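These notes concern the structure reproduced below.
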Amino acid sequence: MTPDVRPHEKLDRAVIFLGPPGAGKGTQAKELARRFSVPHLSTGDMLREHVAQGTSLGQRAQPIMARGDLVSDSIVLRMVADRIERPDCARGFVFDGFPRTVAQAQWLGALLRQHGFKPPLVIHMVIDPGLLLRRITGRRMCKVGGEIYNIYERPPKVAGHCDNDGGELEQRADDREEIVGPRLAAYEKQTAPLAAYYRRLGRLRDIDASKSVDEVAKLIVEVVSAARQP
Ligand code: ADP
Ligand code: AMP
């Protein structure tokens, strides 16, 4: 059981989830956003939506995502800038999969200052790399509501269908074993340096993401609550 958030408690800042693919960022970011009633902003979900709808942005991003590389900063930054302008972001938001390069982080810092937000809090999901392959290849997502399952670790009650809305579960195109290597390499090269970047700024909090979903959620709520103390 994780401590409940009282209704008057507000997030009032951006929380960033940083960690390799499969670390559990989406699972925990969704949960934290729900607790604080703020939006969960996954750049991966936004990009997959563009791909599914066949927009021109989606057509540019699709081959890059399919081979496990990062899409260009300019595509992602435009998408994020448009999204955080919306009124539901006024009380804070939870980023999952963004920023992913130092350039994105620098740009985000400037944007948050411009919008009057406090400096972000970065949840660094530290995990035994040996756990990642099973988490990634076992991942299934609901086509309707985006709920995240794992056929090995967190199976749905009825195989192939979402517990919440009965939606069909699907495997992400990039969750096949042969794409996992390139994705982890992109993380190590382009995204892992962000840990040092945010640590220097005093914004990084390490969380042991190898533990169970409930244990990780509890650690995260403790860290976020401590950061919100005056
Ligand atoms: P990320 O967003 O970091 O790529 P996800 O949140 O999508 O990661 O989780 C990756 C997979 O691992 C999913 O199938 C999810 O159900 C599962 N998972 C997430 N957290 C845990 C955990 N603490 N223990 C076991 N499995 C987990
Ligand atoms: P994710 O759902 O976070 O695992 O992201 C899936 C894919 O979308 C990544 O492998 C990248 O190709 C792309 N992507 C998501 N977020 C970003 C980002 N912030 N910068 C660049 N590419 C991204």
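Keep in mind that this is a model prediction, so the values were computed, not measured.
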Let me see the working for L184 and E188 under side-chain contact (heavy atoms from CB on, under 4.5 Å), right down to the final yes or no.
CA-CA 6 Å; L184 292 176; E188 282 310 320; 5.7 Å; no

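- Among all heavy-atom pairs drawn from A105 and L194, the shortest one is CB-CD2, 3.6 Å.
- With rounding to the nearest 0.5 angstrom, the NZ atom of K218 is 12.5 Å from the CD1 atom of I220.
- The distance from atom CZ of R100 to atom CG of L18, rounded to the nearest 0.5 Å, is 10.0 Å.
- The side-chain heavy atoms of Y198 and P193, taken from C-beta on, include no pair separated by under 4.5 Å.
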Stepwise, does the salt bridge (charged side-chain N to carboxylate O under 4.0 Å, His left out) test hold for R83 with D88?
CA-CA 9 Å; R83 183 63 186 87; D88 63 340; 2.7 Å; yes

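- Side-chain atoms of Y149 come within 3.5 Å of backbone atoms of D163 as a donor-acceptor pair (strictly under, hydrogens ignored).
- Residues F98 and L41 have side chains not in contact (no heavy-atom distance under 4.5 Å, counting atoms from C-beta outward).
- Linking Ile, Leu, Val, Met, Phe, Trp and Tyr whenever their side-chain heavy atoms come within less than 4.5 Å puts W107 and M79 in one cluster.
- Between F93 and F95, the ring-plane angle classifies as perpendicular under the 30° and 60° cut-offs.
- Cluster annotation: V213 is not connected to Y152 through the hydrophobic network of ILVMFWY side chains, with a link wherever side-chain heavy atoms come within less than 4.5 Å.
- Interatomic distance, K189 NZ to L70 CG, rounded to the nearest 0.5 Å: 10.0 Å.
- In this structure, a donor-acceptor pair under 3.5 Å is absent between the side chains of S225 and E222.
- Of the candidates H40, K25, Q28, K30, H40 is the only one forming a side chain to side chain donor-acceptor pair (under 3.5 Å) with D96.
- Side-chain contact of D73 with T101: a donor-acceptor pair under 3.5 Å is present, judged by distance alone.
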Stepwise, does the salt bridge (charged side-chain N to carboxylate O under 4.0 Å, His left out) test hold for K211 with D128?
CA-CA 10 Å; K211 293 177 183 285; D128 171 358; over 6 Å; no

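- Environment of CZ in R67: crowded, with over 12 heavy atoms of neighbouring residues, nucleotides or ligands closer than 6.0 Å.
- Looking at R183, its side chain does come within 3.5 Å of a backbone N or O of D174 through a donor-acceptor pair.
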Assess whether side-chain contact (heavy atoms from CB on, under 4.5 Å) is satisfied between Q59 and H50, documenting all intermediate values.
CA-CA 8 Å; Q59 286 172 22; H50 276 282; over 6 Å; no

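- When side chains are defined from C-beta on, H161 does not count as touching P156, because their heavy atoms never get closer than 4.5 Å.
- Scanning both residues, V71 and M65, for their nearest heavy atoms gives CG1-CG, 3.9 Å.
- Atom CD of E178 has more than 12 neighbouring heavy atoms from other residues, nucleotides or ligands inside a 6.0 Å radius.
- When every heavy atom of I136 is checked against every heavy atom of P21, the shortest pair comes out as CD1-O, 3.4 Å.
- Checking side-chain atoms of H124 against main-chain N and O of R205 turns up no donor-acceptor pair under 3.5 Å.
- What you find for P39 and C89 is that their closest heavy atoms are CG-SG, 4.0 Å.
- The cluster map of Ile, Leu, Val, Met, Phe, Trp and Tyr, joined by side-chain heavy atoms under 4.5 Å apart, puts V224 and L112 in different clusters.
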Mind running side-chain contact (heavy atoms from CB on, under 4.5 Å) on R140 and N150 for me, showing each step along the way?
CA-CA 6 Å; R140 299 290 184 274; N150 190 289; over 6 Å; no

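- Here the closest heavy-atom approach between residue P20 and residue M125 is recorded as CD-O, 3.8 Å.
- Taken to the nearest 0.5 Å, the CD1 atom of I127 stands 8.5 Å off from the CG atom of D208.
- Judged by distance alone, with hydrogens and angles left aside, the side-chain atoms of R200 form no donor-acceptor pair with the main-chain N or O of A195 at under 3.5 Å.
- Between the T43 side chain and the G97 main chain, a donor and an acceptor come within less than 3.5 Å of each other.
- Counting only distance, with no hydrogens or angles, the side chain of Q171 and the backbone of T137 share a donor-acceptor pair below 3.5 Å.
- At a threshold of 4.5 Å between side-chain heavy atoms, the hydrophobic network of Ile, Leu, Val, Met, Phe, Trp and Tyr places Y187 and L108 in one connected group.
- L133 and M141 are assigned to two separate hydrophobic clusters, defined by single-linkage of ILVMFWY side chains at heavy-atom distances under 4.5 Å.
- Rounding to the nearest 0.5 Å gives a distance of 12.0 Å between CD of E215 and CD1 of I207.
- Summarising the geometry, atom CD1 belonging to I16 is positioned 8.5 Å from atom CG belonging to L121; distances are rounded to the nearest 0.5 Å.
- The shortest non-hydrogen separation linking L111 to A81 is CD2-CA, 4.4 Å.
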Output, in order, the C-alpha distance, side-chain angles, deciding distance and verdict of salt bridge (charged side-chain N to carboxylate O under 4.0 Å, His left out) for E153 and R135.
CA-CA 8 Å; E153 308 277 349; R135 287 199 185 181; 5.7 Å; no

Can you list the steps and then say if F17 with L32 is a side-chain contact (heavy atoms from CB on, under 4.5 Å)?
CA-CA 11 Å; F17 277 82; L32 190 71; 4.0 Å; yes

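- One finds no salt bridge joining K143 and D165 here, because no Lys/Arg side-chain nitrogen approaches an Asp/Glu carboxylate oxygen to under 4.0 Å.
- With respect to the salt-bridge test (charged N to carboxylate O, under 4.0 angstrom), the residues D206 and R199 qualify.
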